[in-house]
Student: 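Below are the structure tokens for one structure; questions will follow.
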Amino acid sequence: MPKWLKDAIFYEIYPQSFYDSNGDGIGDIQGIIQKLDYVKQLGCNAIWLNPVYDSPFKDAGYDVRNYKKVAARYGTNEDLCELIKTVHKKKMRIILDLVPGHTSDTHPWFKQARQAKENKFSNRYIFTKSVWDAPQEYRLMCGLCERDGNYMVNFFSSQPALNYGFADVKYPDWQLPTDHPDCKATVNALKDIMKFWLDMGADGFRVDMADSLVKNDNTKEATAAIWADIRNMLDEEYPDAALVSEWCNPPVAINKGGFHCDFYLDHIGNGYNSLFRGGSWGDKAFFNKNGEGNIRSFTDEFLSYYEAAKGNGYISLITCNHDTPRLTEYLDEEAIKIAYATIFTLPSVPFLYYGDEIGMRYLKGLTSVEGSYSRTGSRSPMQWCKGKNFGFSESDTTYIPVDSDEKAPTVENQRRKKGSIYKVVKDIIKIRKKHPEFSADGEFEILYAEENSFPFVYKRGKYVVLVNPLDRLADVKFEYEIKSELYRIGEYIQSWEKMTLSPQSFAIIEI
Ligand code: GLC
Ligand code: CA
């Protein structure tokens, strides 16, 4: 386990939209280098960089054409190397995005695989035996290749699935078992890509669709076995490198796959979703001030994940990411502050999505850009200051349009504003870093989390955290003596053995 992880606070950078250093309307690596001090000042000590590899951009770079080459629009491999070095100089870490499940259909491997003549890459992807062979249970692209066969896709149609084999081989004439040498070769190719970037200094990877490798793998054990093997490689050769999965199943991803962290993602009906987006458009979210939410939807699931993963790895709570509408779409500003304060004080390795710290809006009604569809609104350019494109770019057009609201929050105005979201994020990160009790492996105990009831109270070592998202008072039995106050949003009063919290409040108290 890389020691740095328990205290890591990640900042997710969507490179297209962070900072454009050369005025072409698209964010780039030199732009990120220029803004590193901003990330550091906020208190984040690690970065997750979305894909920056050569790609035809049918899925914003998650359709990789060359795993070892930085896309020209972001810069060069030398720029990425410089970014990594600069990050390290600032005593921070950076993990890259690894897309193991599929490539672009323009990847040279695929160009070979789709040829009629058998070659070294014929089994790098999953092809049926003939074009007339197209079982409905698989997502197959039919009749597009010279080769007589249909290929399986992993996400969009332009993203053919790499072949790691099948756990349960149903059609032996085209489905290979995972121990087939050609499937092993795919794993080796993946390891080779990882080593390439780790040797350049990368601190690890966020792994895209980590659960998608092996097909017909209901229990996901075969997929996990591949990751466990990769984890062994890391332990032996790169013990400081972190592996973070987009899986959302910590017991499997962490305990079986060997991931150090697993994202707790926004899946309809799950515990994480119930906090911010529960019900219809957040009307039953725990952090919605209307009080229709139920904290147990979160704590029951979170606790089971937490207990299962404890000792082996961490759950990663996110403020949002590039695939999900920003919280501003569901919650008011006060609710967001309390939500973030909670995320950063629960036992987790947290990820802050760029722009969330200033309360950027989810922009509705935008046309899809590079396969973003409904995700476009969460991928708009970072708002740095007032003026042209909010300081993001000198260009007349930007990758995705900037927020059309002139009064949109910017780093500049959020820094000045008393009690802004930015200030809350900065303060709470500072507290988290100063007090090891809040680290990912600090003690954690739930003191009060009852069905449809408020507040939510938990303990991290000697600190008690109280959360009242309601637009009205909430009280709870509280028998401790208050030694000191570490932080608060709103007010609280202790009388007798009861604690009463003001509407939309949050407090950290030393007992
Ligand atoms: C992941 C990424 C998403 C991408 C997809 C396919 O979910 O986060 O942005 O489109 O995988 O690679
Ligand atoms: Ca640029």
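Atoms within a ligand are numbered from 1 in the order they appear, just like the ligands themselves. Atoms considered below: every heavy atom in the structure, side chains included; atoms not considered: hydrogens, waters and symmetry mates. These numbers come from a predicted model, not from an experiment.
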Student: With the Ca ion (ligand 2) as the reference point, give the N/O/S atom of D28 that is nearest.
Tutor: OD2
Student: Would you check if the distance from the ring center of H102 to the ring center of F110 is below 6.0 Å?
Tutor: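 H102 vs F110: aromatic centres not under 6.0 Å.
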Student: Is there an N/O/S atom in S393 that lies less than 3.0 Å from the Ca ion (ligand 2)?
Tutor: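 Coordinating: no.
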Student: Can you name the one residue among N163, N154, T223 that meets side-chain hydrogen bond (donor to acceptor under 3.5 Å, both in side chains) with K215?
Tutor: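 The residue from N163, N154, T223 that satisfies side-chain hydrogen bond (donor to acceptor under 3.5 Å, both in side chains) with K215 turns out to be N154.
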Student: Closest to the Ca ion (ligand 2), which N/O/S atom of D20 is it?
Tutor: OD1
Student: Within less than 3.0 Å of the Ca ion (ligand 2), any N, O or S from I26?
Tutor: yes
Student: Centroid-to-centroid, Y53 to W197, below 6.0 Å?
Tutor: yes
Student: Taking the side chain as everything from C-beta on, heavy atoms only, tell me whether L98 gets closer than 4.5 Å to I193.
Tutor: yes
Student: Near R379, which atoms of ligand 1 are under 4.0 Å from a heavy atom of that residue?
Tutor: 9 (O)
Student: Heavy-atom contacts under 4.0 Å between R206 and ligand 1: side chain, backbone, both, or neither?
Tutor: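 Just the side chain.
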Student: Give a yes-or-no answer on whether the side chains of Q159 and D105 include a donor-acceptor pair shorter than 3.5 Å.
Tutor: no
Student: Identify, by name, the N, O or S atom of D24 lying closest to the Ca ion (ligand 2).
Tutor: OD1
Student: Does ligand 1 have a heavy atom under 4.0 Å from the side chain of E370, from its backbone, from both, or from neither?
Tutor: neither
Student: Which of these passes side-chain hydrogen bond (donor to acceptor under 3.5 Å, both in side chains) with S245: D208, D211, D262?
Tutor: D262
